[in-house]
S.K.: 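Mind having a look at this structure? Questions to follow.
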Amino acid sequence: MQFSFKKALPHLLVILGFVIVALAYFNPVLKGKKIFQSDIMQYIGMSKQQNDFREATGTETYWTDSAFAGMPTYQLGAKYPHNYIKQLDLALRFIPRPADYLFLYFLGFYILLLVLKVDFKLAALGALAFGFSTYLIIILGVGHNSKAHAIAYMPLVLSGIILTFQRKYLGGFLLTTVAMGLELVANHFQMTYYLMFLVIILGIAYLVDAYKRKTLPDYFKAIAVLVGAVVLSIALNATNILATQEYVKESKRGKSELTINPDGSPKVATTGLDKDYITQFSYGIAETFNLYIPRFMGGGNGEDVGKDSATYDAFRKLGATTTQAAQEAKRAPMYWGEQPIVEAPAYIGAVVLFLFVLALFLVKGRLKWWLVGGTVFSLLLSYGKNFSLLTDFFIDYVPLYNKFRAVTSIQVLLELCVPVLAVFGLVKLFKDENTKEEKLKALKYTAGITGGIAVLFLLFKTSLFDFVGVNDGFYRQNYGPDFVEALKADRKTLFTNDTIRTLVLVLLSAGAVYMFLKEKFKQQTVIFVFAALILFDLVGVDRRYVNNDDFVSAREVDKPFTANAIDKEILKDESHFRVYDLVSGPSKPSYFHNSLTGYNAAELRRYNDVFEFYVAKNNMNVLNLLNTKYIIAQDKEGQMFPYVNDEANGNAWFIESFKTVDNPNDEILALDKLDNKKQAVLNIVDFGNTFKSEIPNYTVDSTATITLVEQQPNYLKYQSVNKNDGFAVFSEVYYGNGWKTIIDGKEASHIRVDYTLRGMEIPEGKHTIEFKFDPDVVKTGSTITLAGSLLFALLLVGGLFYEFKKKKETIA
């Protein structure tokens with residue numbers, strides 16, 4: 001193996017170019033600014049306690065008290081031992097966020113096209129088309145970083161797999177292992193799960209091809225190599241995967257045990273999320289044209305329509321000042337599809353789609369059918385409830401599909417497939433595989449289809465669409481019918497303007513291809529023209545939604561929340577308690593206090609049940625149970641005020657008896673009117689065997705005490721004094737996979753009571769009780785991760801040595 005700087009130079013220049021382009025798009029990072037991402041703000045609130053703990057102690061806590069009354073940190077940025085693949089990921093993301101993700105988009109896609117034997121210049125062009133796809137930029141704007149992270153590594157995973165199918169087994173194995181390891185590091189299992197579908201379609205395409213070519217042995221050899229690579233990549237991420245697998249069963253993404261809803265109605269049995277929740281964000285059929293015309297359906301929920309708009313005039317007629325009307329016109333409700341919230345359209349690009357259609361006529365074979373198959377598959381599934389025949393089948397029968405919500409997200413597959421095939425449209429245009437007549441015919445059909453669609457919409461838009469949004473009834477009721485007519489007028493204007501924009505781009509694209517076929521343009525000129533058109537097209541739309549205005553000072557991002565007078569007063573209280581903040585949003589309370597609320601899509605299912613049944617209804621009996629000492633609310637004038645709840649049960653207490661139940665429904669219903677300072681709910685099916693004979697009662701006198709004397713997120717220490725044997729309830733969320741109990745230095749055990757809390761028997765006398773969150777899954781996972789890392793290192797060194805030796809023998 002010999003390194004050739006001359007051969008590597010073009011690629012190094014391209015990679016340098018990617019760095020420059022990524023930094024240029026997000027240029028405020030060069031001034032030390034950071035992008036304000038709403039989701040990341042929530043994440044910072046959720047993770048502050050564990051980050052503070054890590055900084056103060058140098059150790060990791062896998063439990064936080066600050067959100068949802070307590071939960072594991074596995075999905076809150078927990079760090080694990082021997083996670084060397086994470087170090088590689090950090091090395092690749094060496095430029096400031098979010099430019100690092102944009103750079104990864106470019107890099108991974110570039111490598112994929114190189115593996116597909118595309119010339120480096122076209123590969124670079126394709127990388128720009130993929131990286132600037134609007135959805136991929138929008139998710140960076142709102143802070144879906146882990147999703148962007150996972151999407152960025154998708155092309156790299158496909159590169160390794162394709163390399164293996166090309167019978168480059170060693171290189172394919174190593175690249176697939178690293179790429180899949182990085183994909184899993186991103187920790188967005190929904191995206192990885194969707195990638196699996198695209199890999200399956202790819203595998204089918206190669207299988208059919210291998211059958212036709214009678215190369216099935218090579219095919220199955222490649223499959224064996226890939227299985228080995230995936231297993232090793234999983235080993236490199238074993239801790240996170242094992243911890244998540246263990247946790248998901250206990251989270252609200254696991255199977256629900258209840259058969260009733262909070263209102264008493266029957267609950268539809270499911271092993272995952274509810275069907276309505278999964279399909280809440282379903283792509284409209286007509287919305288498909290958003291991929292081609294950016295504001296086909298008005299764009300996002302809040303579009304800037306400017307002072308020349310009908311919306312601005314409507315606000316002025318309603319009495320708004322010029323300043324107020326201008327401000328409202330900056331966030332006009334232009335989106336008229338049926339999804340609850342849309343930040344921006346998932347625009348792929350008129351130029352990219354033009355090339356995609358051109359490729360449909362010029363490209364043949366397995367590559368085409370894989371990419372077209374992946375595109376159609378993801379589009380159909382993104383329709384969700386609007387194509388329920390397919391979606392219901394996947395929810396009901398395809399493993400794990402019902403663990404994820406927002407089915408529109410699967411469009412990331414077509415956002416990857418379309419630019420790949422689009423690039424191959426140019427590849428085939430430049431090659432001699434097709435005659436010039438065939439290419440001209442393909443151009444004629446492509447221009448006719450793409451341009452024709454735009455013309456059709458321009459001519460018949462008012463006949464085809466009503467431009468009515470799902471919330472227009474609200475606007476009509478509050479602002480009058482003229483206001484809604486103004487909204488519709490602006491929606492039509494946006495529709496018309498962007499359709500004309502698309503038509504012009506199509507005509508320019510068709511013109512460039514025509515000039516090449518007429519030998520007026522050289523190949524290099526065509527590449528330059530299309531690079532310019534793609535950048536103009538995609539970046540122009542991206543900048544509407546994510547631009548320099550989204551950047552703020554680093555301090556505002558790093559410390560997004562400010563304590564108000566109420567927070568400061570509560571922070572003076574050094575005892576251990578919880579806060580129920582009804583005013584400040586989901587994660588600000590978690591930033592300052594141990595909160596009952598939080599921002600996470602996978603909180604513990606039992607706590608979520610209690611929240612929906614009682615906490616959300618301000619049931620004081622249950623709030624006392626959760627040791628809610630402070631409640632922050634608003635008075636009639638909208639002023640915040642703290643309510644000090646002196647009835648909160650405290651950190652732990654002795655009870656006199658149990659209220660026994662034998663099913664989860666009765667278990668949670670019993671909490672409503674339970675005298676929970678004296679009695680605890682016990683599910684005898686789950687924990688009845690804890691007691692040697694019959695369920696006991698206890699004598700509790702006034703001198704019995706149990707006091708929390710030391711507290712950290714992952715450690716609690718109590719002192720108990722009791723003349724009699726007793727049973728203590730702890731106002732801590734029960735999680736059976738990691739909390740270890742110790743009494744007077746000896747290991748003990750605890751059980752679940754009151755549906756979601758911990759409880760245990762404590763003998764008479766004085767005792768020290770400790771709870772330590774020391775999950776075995778982290779130890780087991782870390783051992784596997786270390787072993788996997790060592791094995792990969794050996795294989796890498798051995799592979800390089802083998803290649804070097806083989807090359808040397810060939811030269812000799």
Side-chain angles (χ1 to χ4, degrees), residues 36-49 64-71 142-143 262-263 301-302 318 320 324 327-328 331 333 340-341 471 473-475 477-479 552 556-557 559-601 603 607-650 671-672 676 731 733:
F36 181 83
Q37 300 168 302
S38 55
D39 271 25
I40 295 305
M41 180 183 73
Q42 306 295 349
Y43 166 76
I44 290 173
M46 290 285 290
S47 60
K48 184 173 187 299
Q49 187 180 73
T64 178
D65 253 352
S66 67
F68 299 117
M71 64 182 288
V142 297
D263 62 2
N301 285 96
L318 288 170
Q324 290 170 332
Q327 195 63 34
E328 293 298 327
R331 50 174 183 261
I341 301 172
N471 295 320
F474 168 82
Y475 296 116
Q477 185 174 3
N478 288 276
Y479 300 106
V552 296
E556 288 179 78
V557 172
K559 296 182 178 179
F561 301 108
T562 303
N564 57 33
I566 296 172
D567 293 321
K568 290 175 182 175
E569 193 62 30
I570 294 174
L571 287 170
K572 293 177 183 175
D573 189 337
E574 296 181 353
S575 63
H576 186 60
F577 54 86
R578 293 199 175 86
V579 174
Y580 184 31
D581 189 336
L582 295 161
V583 183
S584 305
S587 69
K588 183 198 167 188
S590 300
Y591 191 79
F592 295 110
H593 315 292
N594 293 326
S595 172
L596 294 187
T597 60
Y599 186 83
N600 192 274
E603 61 259 40
Y607 176 75
N608 185 62
D609 292 339
V610 170
F611 192 93
E612 291 181 347
F613 272 73
Y614 299 112
V615 176
K617 298 175 182 176
N618 301 329
N619 182 304
M620 290 306 299
N621 206 34
V622 171
L623 290 175
N624 292 340
L625 200 65
L626 294 169
N627 192 21
T628 313
K629 188 173 180 180
Y630 295 96
I631 300 171
I632 302 175
Q634 276 181 324
D635 59 23
K636 293 180 179 177
E637 284 72 40
Q639 297 297 313
M640 293 174 64
F641 70 93
Y643 169 73
V644 182
N645 178 25
D646 294 327
E647 299 299 317
N649 287 18
L671 293 178
D672 188 17
N676 56 48
S731 66
V733 168

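Please read these numbers as outputs of a predicted model, since none were measured by experiment.
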S.K.: Met620 versus Ile631: any side-chain heavy-atom pair under 4.5 Å?
M.R.: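 The answer is yes, as the side chains (C-beta and beyond) meet within the 4.5 Å cut-off.
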
S.K.: Who passes salt bridge (charged side-chain N to carboxylate O under 4.0 Å, His left out) against Lys572, sequence neighbours left out?
M.R.: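 Salt bridge (charged side-chain N to carboxylate O under 4.0 Å, His left out) list for Lys572, sorted by chain: Glu569.
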
S.K.: Taking all non-hydrogen atoms of both residues, which atom of Leu626 and which atom of Arg578 are closest, and how far apart?
M.R.: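 For Leu626 and Arg578, the tightest heavy-atom pair comes out as O-NH1, 3.0 Å.
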
S.K.: For Asp567, check salt bridge (charged side-chain N to carboxylate O under 4.0 Å, His left out) against everything at least two apart and list the hits.
M.R.: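 Expected list: Lys588.
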
S.K.: Sorted by first residue and then second, give each salt bridge (Lys or Arg N to Asp or Glu O under 4.0 Å) pair with at least one member in residues 615-625; sequence neighbours left out.
M.R.: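 Pairs touching residues 615-625 that pass the test: none.
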
S.K.: Which is it for Leu625 and Leu671 under the side chain to side chain contact (heavy atoms under 4.5 Å, CB included) test, yes or no, and what are the steps along the way?
M.R.: CA-CA 9 Å; Leu625 200 65; Leu671 293 178; 4.0 Å; yes

S.K.: Is it true that a side-chain atom of Ser731 and a backbone atom of Gly650 form a donor plus acceptor pair closer than 3.5 Å?
M.R.: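 Yes: the side chain of Ser731 pairs with the backbone of Gly650.
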
S.K.: Whether the Asn676 and Asn649 side chains hold a donor-acceptor pair (N or O, under 3.5 Å, no angle test) is what I'd like checked.
M.R.: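 Yes, because at least one side-chain N or O of Asn676 sits under 3.5 Å from a partner of the opposite role on Asn649.
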
S.K.: List the steps, then state whether side chain to side chain contact (heavy atoms under 4.5 Å, CB included) holds for Lys48 with Thr64.
M.R.: CA-CA 9 Å; Lys48 184 173 187 299; Thr64 178; over 6 Å; no

S.K.: Does atom OH of Tyr479 have more than 12 heavy-atom neighbours, drawn from other residues, nucleotides or ligands, at distances under 6.0 Å?
M.R.: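 Open.
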
S.K.: Using side-chain contact (heavy atoms from CB on, under 4.5 Å) as the criterion, list what pairs up with Gln477, not counting sequence neighbours.
M.R.: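 None.
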
S.K.: For the CE atom of Met71 and the CG atom of Asn600, what is their distance to the nearest 0.5 Å?
M.R.: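 Spacing of CE (Met71) from CG (Asn600) equals 4.0 Å.
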
S.K.: How long is the straight-line distance from CE of Met41 back to CZ of Phe36, given to the nearest 0.5 Å?
M.R.: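 Atom-to-atom, Phe36:CZ and Met41:CE are 4.5 Å apart.
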
S.K.: List the atom of Ser590, the atom of Ser66, and the distance in Å for their closest heavy-atom pair.
M.R.: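 It is OG-O, 2.9 Å.
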
S.K.: Can you tell me how far apart CG (Asp581) and OH (Tyr591) are? Round to the nearest 0.5 Å.
M.R.: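 Reported to 0.5 Å precision, the distance equals 15.5 Å.
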
S.K.: When rounded to the nearest 0.5 angstrom, what is the spacing between OH in Tyr43 and OH in Tyr599?
M.R.: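 So the gap between those two atoms works out to 13.5 Å.
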
S.K.: If every non-hydrogen atom of Phe561 is compared with every non-hydrogen atom of Ser587, which pair is closest and at what distance?
M.R.: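 Looking at all heavy atoms of both residues, the shortest contact is CZ-OG, 3.7 Å.
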
S.K.: Which heavy atom of Gln42 sits nearest to which heavy atom of Pro586, and what is that distance?
M.R.: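 Minimum heavy-atom contact is OE1-CG, 3.6 Å.
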
S.K.: With Asn627, which residues qualify under side-chain hydrogen bond (donor to acceptor under 3.5 Å, both in side chains), at least two apart?
M.R.: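 Partners of Asn627 by the side-chain hydrogen bond (donor to acceptor under 3.5 Å, both in side chains) criterion come out as none, since no residue qualifies.
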
S.K.: Scan for salt bridge (Lys or Arg N to Asp or Glu O under 4.0 Å) pairs involving residues 631-640, sequence neighbours excluded, and state none if there are none.
M.R.: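 Applying salt bridge (Lys or Arg N to Asp or Glu O under 4.0 Å) to every pair that reaches into residues 631-640, excluding sequence neighbours, yields nothing.
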
S.K.: If you look at every heavy atom in Lys568 and Ala563, which pair is closest and at what distance?
M.R.: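 So the minimum-distance heavy-atom pair works out to CE-O, 3.5 Å.
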
S.K.: Below 4.5 Å, heavy atoms only, C-beta onward: do Leu623 and Leu596 meet side chain to side chain?
M.R.: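 Yes - at least one pair of side-chain heavy atoms lies under 4.5 Å apart.
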
S.K.: Who passes side-chain contact (heavy atoms from CB on, under 4.5 Å) against Asn471, sequence neighbours left out?
M.R.: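 So Asn471 forms a side-chain contact (heavy atoms from CB on, under 4.5 Å) with Tyr475.
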
S.K.: Quick one: list whatever passes side-chain contact (heavy atoms from CB on, under 4.5 Å) with Ile570, sequence neighbours left out.
M.R.: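 Here the qualifying residues are Ile566, Phe577, Val579, His593, Tyr630, Ile632.
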
S.K.: Knowing that exactly one of Asn619, Asn618, Asn624 qualifies, which makes a side-chain contact (heavy atoms from CB on, under 4.5 Å) with Val622?
M.R.: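 Among the candidates, only Asn619 passes.
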
S.K.: For salt bridge (charged side-chain N to carboxylate O under 4.0 Å, His left out), just list the numbers for Lys559 and Glu556, CA-CA rounded to whole Å, side-chain angles, deciding distance to a tenth of an Å, and then say yes or no.
M.R.: CA-CA 5 Å; Lys559 296 182 178 179; Glu556 288 179 78; over 6 Å; no

S.K.: Taking the side chain as every heavy atom from C-beta outward, state whether Asp646 and Val644 have any atom pair closer than 4.5 Å.
M.R.: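 Side-chain contact under 4.5 Å: yes.
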
S.K.: By side-chain contact (heavy atoms from CB on, under 4.5 Å), which residues pair with Glu603, not counting sequence neighbours?
M.R.: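 Result, side-chain contact (heavy atoms from CB on, under 4.5 Å) vs Glu603: Phe68, Lys252, Asn608.
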
S.K.: Who are the side-chain hydrogen bond (donor to acceptor under 3.5 Å, both in side chains) partners of Thr597, not counting sequence neighbours?
M.R.: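 Here the qualifying residues are Ser595.
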
S.K.: Go through the structure and list residues passing salt bridge (charged side-chain N to carboxylate O under 4.0 Å, His left out) with Asp573, not counting sequence neighbours.
M.R.: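 Salt bridge (charged side-chain N to carboxylate O under 4.0 Å, His left out) check on Asp573 returns Lys629.
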
S.K.: May I have all residue pairs that pass salt bridge (Lys or Arg N to Asp or Glu O under 4.0 Å) and include part of residues 590-600, sequence neighbours excluded?
M.R.: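 Listed once each, the pairs would be none.
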
S.K.: Evaluate the side-chain proximity of Asn301 to Pro333: yes if any heavy-atom separation is below 4.5 Å, no if none is.
M.R.: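 Not in contact.
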
S.K.: Minimum heavy-atom separation for Asp672 and Tyr614, please, with both atom names.
M.R.: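 The answer is N-OH, 3.5 Å.
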
